[in-house]
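Read through the structure below, which is laid out as structure tokens, and then see the notes.
Letters A, B, ... mirror the listed sequences (proteins, then strands); counts begin at 1.
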Amino acid sequence: MTRFYVTTPIYYVNAEPHLGHAYTTIIGDALTRWHRLLGDDVTYLTGTDEHGLKIQQAAEAANVTPQEFTDSIAPKFAAAWEKLNIANDDFIRTTEPRHKAAVAELLQRCYAAGDIELDTFAGKYCVACEEYYQDDELDKDAEGEANQCPIHHRAVEFFEEENYFFRLSRFEDRLLDWYAAHPTAMTPEQRGNEAIGLIKSGLRDFSISRTSLEWGIPLPWDEKHVTYVWFDALTNYLAAAGFGDGTDAYKDNWPADFHLIGKDIVRQHCVYWPAMLMSAGIELPKGWAIGGWLLSGGEKMSKTAGNVVNPLDLIDDIGLDGFRYYVLADTTYGNDGDFTWEGLVGRYNSDLANNLGNLAARVATVVAKKCDGLGTAPAPDSPLAAVAAQAYADTAASWTSVQPSRALDATWSLIRATNSHLETNEPWKSEPGADVDRVMGDALEALRIVAVLVHPAMPDTAQALWERIGMAGNVVDQRLPDAAAWGQYTAGSVVTKGDALFPRIKL
RNA sequence: GGCGGCGUAGCUCAGUUGGUCAGAGCAUCCGGCUCAUAAUCGGAAGGUCCUCGGUUCAAGUCCGAGCGCCGCUACCA
């Protein structure tokens, strides 16, 4: 069985889950559901990033311990994914023992390899923020010197701190060589090019520890230091596979097939992370899928702009699958998408209500009137057979290249062709008989295949459609490509109409 | 400033290695149909493929320059 291991970024628990988190997580869910249909042994991982100064400060502000603070937020992510019907196999928190063990092991390996060294970090530090700033981030003082904290408007101080550094600069050539040997590792291609550009423009060593920080994982060989950000966060992907338990069992799940990431964390995932793995002598991931942002009304969501969208509110208005479908179908993966209510309703009405939902309804009605409510057999030589084969091939190819919007468009070509097929034959005008039976069988068979193909995007809808056309069992148990082959609809099945799958929504 | 990306129909986007590549969906208009959720089907209209120049028998596709938009420049799906 083919293993298929996909990860989302772990989400920082200083904020509650929002549309952006949901966007990436839904894409990963659909992608992994597709691979389950293919019969792959799938592991879909998501989780939460819980260490660092911001959490420490937020906990202090809330007058609780950092652990209590993260314990209160992390479940909100897990709960949100449950509501969005996310079928993740694991949910990792960076405060778990398995994660801490993996981080310690990875650090130790890189340290042993000589790629982590003690050095001096010097910079301008705001005591109030407890953060270092670059010159261009600071405001200028009366003499024109860049030394005013932009937040606290007070002078920063020049601090020196002993930090451990990861010698990223040593990996430039090795990374370029690796990517040259694996040209399709990053998708879409233009996003991959940006990562290559980052490497070519020169790599600097980066600091991996702080002595001023308490809420984190200590370095195994120097416990005064706590790991800072990336050695902690990125390692979750390895930890969930079992790395750090003292055995090589993690290799059963590693390497990951895809790290799903946003365009803003390309440097860390496509440059830092493979270099860290190279240093530790661990196999690199097979792929990175790099998405854009889902904007809201053309702008990045922010509280001040007042355009924050809560995905869970949308479900109440348009239904879970309507929302999932919109997110997947209306954005080109790799580019920014734009969430608007008008766009959501437009997509929903045209694709779901008018096309898919209405097709299911009209088929059920005609079967009731002309076939006694019992499904009939499709014609082996139906013109829809070729359309279905092409739709499957295109859908599969698009999921393989992590392009959900194209995959769904390919699936919809079969829905449109089925509506057209009905118009061509007008079974509602004919007397019951072989001709009507054949056409309705074609339509039912097309709906059967559609139910399977839309499952990754809309699991509940797929199952509902499956049951309405009278198929037994569950869509999730279907296996591709066999299930997409023409001619498997079971004649004699009871077809039921039911309420509209997707009631039209008025704007 | 540096690096990178993008610019194809009103909108969102497809367009392998240059040779029916000028396309799809939505929106618009016209017509048909009335089984269906005022749904659907057919047809039409709509583009100097950002601009200029170059290579070529042939360029949306390659090269150069320019214009415009955007991202990254080291916390952030």
Can you list, pair by pair, the side-chain donor-acceptor contacts under 3.5 Å of residues 267-277 of chain A, counting residues two or more places apart and other chains?
unit_1   : atom_1 : unit_2   : atom_2 : d
A/His269 : ND1    : A/Ile265 : O      : 3.2
A/His269 : NE2    : A/Tyr237 : OH     : 2.7
A/Trp273 : NE1    : A/His259 : NE2    : 3.1

All N/O donor-acceptor pairs, side-chain side in residues 359-378 of chain A, below 3.5 Å, sequence neighbours left out:
unit_1   : atom_1 : unit_2   : atom_2 : d
A/Arg362 : NH1    : A/Asn419 : OD1    : 2.7
A/Arg362 : NH2    : A/Glu423 : OE2    : 2.9
A/Thr365 : OG1    : A/Ala361 : O      : 3.0
A/Thr365 : OG1    : A/Lys497 : NZ     : 3.2
A/Lys370 : NZ     : A/Trp428 : O      : 3.3
A/Lys370 : NZ     : A/Ser430 : O      : 2.9
A/Thr376 : OG1    : A/Asp437 : O      : 2.6
A/Thr376 : OG1    : A/Gly441 : N      : 3.1

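Within the structure, every pair that satisfies the ring-ring contact (aromatic ring centres under 6.0 Å, His included) test and touches residues 344-379 of chain A, not counting sequence neighbours, is listed here: A/Tyr348-A/Phe502. Among residue pairs with one or both ends in residues 411-422 of chain A, those qualifying as salt bridge (Lys or Arg N to Asp or Glu O under 4.0 Å) are A/Asp409-A/Arg416; sequence neighbours excluded.
A/Asp264 pairs by the side-chain contact (heavy atoms from CB on, under 4.5 Å) definition with A/Trp293, not counting sequence neighbours. Qualifying side-chain contact (heavy atoms from CB on, under 4.5 Å) partners for A/Asp89, counting only residues two or more places apart in sequence or in other chains: A/Arg36, A/Val42, A/Thr43, A/Tyr44. Not counting sequence neighbours, the partners of A/Asp90 by the side-chain contact (heavy atoms from CB on, under 4.5 Å) test are A/Leu45, A/Arg98, A/Ala240. Listed by chain and residue number, nothing satisfies the side-chain hydrogen bond (donor to acceptor under 3.5 Å, both in side chains) test with A/Lys506 (two or more places apart in sequence, or in another chain). Every side-chain contact (heavy atoms from CB on, under 4.5 Å) that A/Glu16 has, sequence neighbours left out, goes to A/Lys76.
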Item to complete: At under 4.0 Å between heavy atoms, which parts of nucleotides 32-40 of chain B does protein reach? Answer with one letter per nucleotide, 5' to 3': B base, S sugar-phosphate only, - none.
Response: BSSBBB-SB
Response to the item:
Counting primed atoms, P, OP1 and OP2 as sugar-phosphate and everything else as base, the B/S/- map of nucleotides 1-16 of chain B against protein heavy atoms under 4.0 Å is --SSS-------SSS-
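Between A/Tyr12 atom OH and B/C75 atom C1' there is a gap of 9 Å when expressed in whole angstrom units.
A heavy-atom distance below 4.0 Å to RNA chain B is reached by these residues of residues 262-278 of chain A, ordered by number: A/Gly262, A/Asp264, A/Ile265, A/Arg267, A/Gln268, A/Tyr272.
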